[in-house]
Amino acid sequence: MNGHYGTVLPRINRNNKIVGGSVQYIDTVSGAVLKREPLVKHLYSWYCFDYYTDDEVFFGEHLLSNKPVAIVTEEKTALLGTLAEPSVDWLAVGEGCNLTKGMMSKLAGKRVVLFPDDMSSDYWSEKFGKQFKVDCGFVHRDINRYLIDTIRGRGSP
């Protein structure tokens with residue numbers, strides 16, 4: 001798209017099956033997402049295999065371990081979080097309204113912190129704040145910039 005390559009961000013369930021995801025076109029200079037489209041539009045034509053969809057799978061769910069869990073909206077943020085703080089399992093929902101009780105029930109018994117953006121902070125706090133910690137510290141701050149600065153800070157003497 002306009003000289004920018006699409007990045008495939010699949011959602012993979014605990015059985016290692018692709019159940020959805022997105023193709024995102026990212027501006028390599030600014031890091032802004034230029035366009036986002038469902039991966040399922042391309043799965044058969046690109047990879048020639050059948051699939052099924054499951055909207056209640058986190059991006060990164062197939063990598064869950066016994067670590068504490070951070071939930072963010074964007075897949076890009078989960079990837080940056082994994083690089084900045086590898087002692088945490090980072091999961092993404094794609095958009096704040098995609099977070100469901102079914103998804104959160106998979107995390108029962110785990111230490112979980114939700115980091116909503118400004119669009120999802122009220123919804124996440126209302127729906128999940130009684131059972132899980134909701135940290136709104138990045139509602140008016142760019143969490144991606146914070147994570148990038150954390151990653152870069154490790155490379156400095």
Side-chain angles (χ1 to χ4, degrees), residues 1 4 6-14 17-43 51-152:
M1 181 180 135
H4 299 279
T7 301
V8 176
L9 298 168
R11 289 183 187 249
I12 303 170
N13 68 14
R14 300 288 286 189
K17 304 277 188 214
I18 296 175
V19 296
S22 63
V23 178
Q24 295 184 18
Y25 298 88
I26 300 172
D27 184 312
T28 57
V29 175
S30 70
V33 175
L34 302 171
K35 181 180 177 183
R36 168 192 216 122
E37 56 189 24
L39 177 61
V40 294
K41 289 173 64 174
H42 304 288
L43 280 175
Y51 60 91
Y52 72 97
T53 58
D54 183 349
D55 294 334
E56 293 202 343
V57 174
F58 290 101
F59 173 78
E61 182 174 319
H62 66 294
L63 301 173
L64 272 174
S65 65
N66 292 324
K67 300 175 192 175
V69 176
I71 298 175
V72 295
T73 54
E74 294 183 331
E75 295 92 340
K76 174 175 71 171
T77 307
L79 293 170
L80 290 170
T82 299
L83 293 172
E85 189 54 60
S87 64
V88 174
D89 285 333
W90 291 79
L91 304 176
V93 297
E95 295 175 351
C97 59
N98 291 345
L99 187 60
T100 67
K101 288 184 179 187
M103 293 168 82
M104 293 304 293
S105 69
K106 299 174 191 180
L107 304 175
K110 290 185 169 286
R111 289 181 31 212
V112 178
V113 178
L114 292 84
F115 293 100
D117 59 15
D118 59 340
M119 300 294 286
S120 60
S121 62
D122 291 341
Y123 176 76
W124 286 14
S125 295
E126 181 183 314
K127 291 283 185 185
F128 308 107
K130 291 180 181 161
Q131 187 177 4
F132 299 98
K133 178 177 173 60
V134 179
D135 184 332
C136 294
F138 290 101
V139 168
H140 299 292
R141 286 178 48 202
D142 185 352
I143 190 171
N144 293 327
R145 174 59 35 210
Y146 171 80
L147 293 169
I148 289 168
D149 290 345
T150 300
I151 294 164
R152 286 185 175 151

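If you're wondering where the values come from, they're calculated on a predicted model, not measured in any experiment. Worth knowing before you read on, the calculation uses all heavy atoms, side chains too, and leaves out hydrogens, waters and symmetry mates.
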Can you label the angle between the F138 ring and the F115 ring as parallel, tilted or perpendicular, going by 30° and 60°?
perpendicular
Minimum heavy-atom distance between N98 and M103, given as atom pair plus value
O-SD, 3.2 Å
Can you name the salt bridge (Lys or Arg N to Asp or Glu O under 4.0 Å) partners of D135, sequence neighbours left out?
none
Please report the shortest heavy-atom distance between N66 and K110, naming the atom on each side.
CA-NZ, 4.1 Å
In terms of heavy-atom contacts, does OH of Y146 have more than 12 from other residues, nucleotides or ligands at under 6.0 Å?
no
Heavy-atom closest pair (P116 atom, S121 atom, distance to 0.1 Å) is CB-CA, 3.6 Å
Nearest 0.5 Å, what's the CG-OG1 distance between L91 and T73?
12.5 Å
Does atom NZ of K127 have more than 12 heavy-atom neighbours, drawn from other residues, nucleotides or ligands, at distances under 6.0 Å?
no
Reported NZ-to-CD1 distance for the pair K17 and I12, which is rounded to 0.5 angstrom
11.5 Å
Residues that S105 engages under side chain to side chain donor-acceptor pair (under 3.5 Å), provided they are two or more places apart
none
Which heavy atom of T100 sits nearest to which heavy atom of E56, and what is that distance?
OG1-OE2, 3.1 Å
S125-D122 side chain donor-acceptor pair, cut-off 3.5 Å:
no
Do you know which two heavy atoms are closest between D89 and L63, and how far apart they sit?
OD1-O, 3.9 Å
With E74, which residues qualify under salt bridge (Lys or Arg N to Asp or Glu O under 4.0 Å), at least two apart?
none
Are side-chain heavy atoms of Q24 and L9 found at a separation under 4.5 Å?
yes
Please determine whether side chain to side chain contact (heavy atoms under 4.5 Å, CB included) holds for the pair L114 and M104, giving the CA-CA distance in whole Å, both sets of side-chain angles, and the decisive distance to 0.1 Å.
CA-CA 10 Å; L114 292 84; M104 293 304 293; 4.0 Å; yes
Is it true that a side-chain atom of K67 and a backbone atom of R111 form a donor plus acceptor pair closer than 3.5 Å?
no
Minimum heavy-atom distance between D117 and V139, given as atom pair plus value:
O-CG2, 4.2 Å
Should F58 and L64 count as side-chain neighbours, where that means a heavy-atom distance under 4.5 Å?
no
Go through it in stages, so that I can follow the logic: the residues are L80 and I148, the test is side chain to side chain contact (heavy atoms under 4.5 Å, CB included), and I'd like the CA-CA distance, side-chain angles, deciding distance and then a yes or no.
CA-CA 7 Å; L80 290 170; I148 289 168; 3.9 Å; yes
Are L79 and W90 close enough, and set up right, to give a side chain to side chain contact (heavy atoms under 4.5 Å, CB included), and what steps lead you there?
CA-CA 7 Å; L79 293 170; W90 291 79; over 6 Å; no
Between the OG1 atom in T150 and the CZ atom in R145, the distance rounded to the nearest 0.5 Å is 10.5 Å
With E61, the side chain to side chain donor-acceptor pair (under 3.5 Å) member among R11, R14, K106
K106
So does Y123 get a backbone contact from the side chain of S120, meaning a donor-acceptor N/O pair under 3.5 Å?
no
Going through the distances and angles, do F59 and T77 end up as a side chain to side chain contact (heavy atoms under 4.5 Å, CB included)?
CA-CA 11 Å; F59 173 78; T77 307; over 6 Å; no
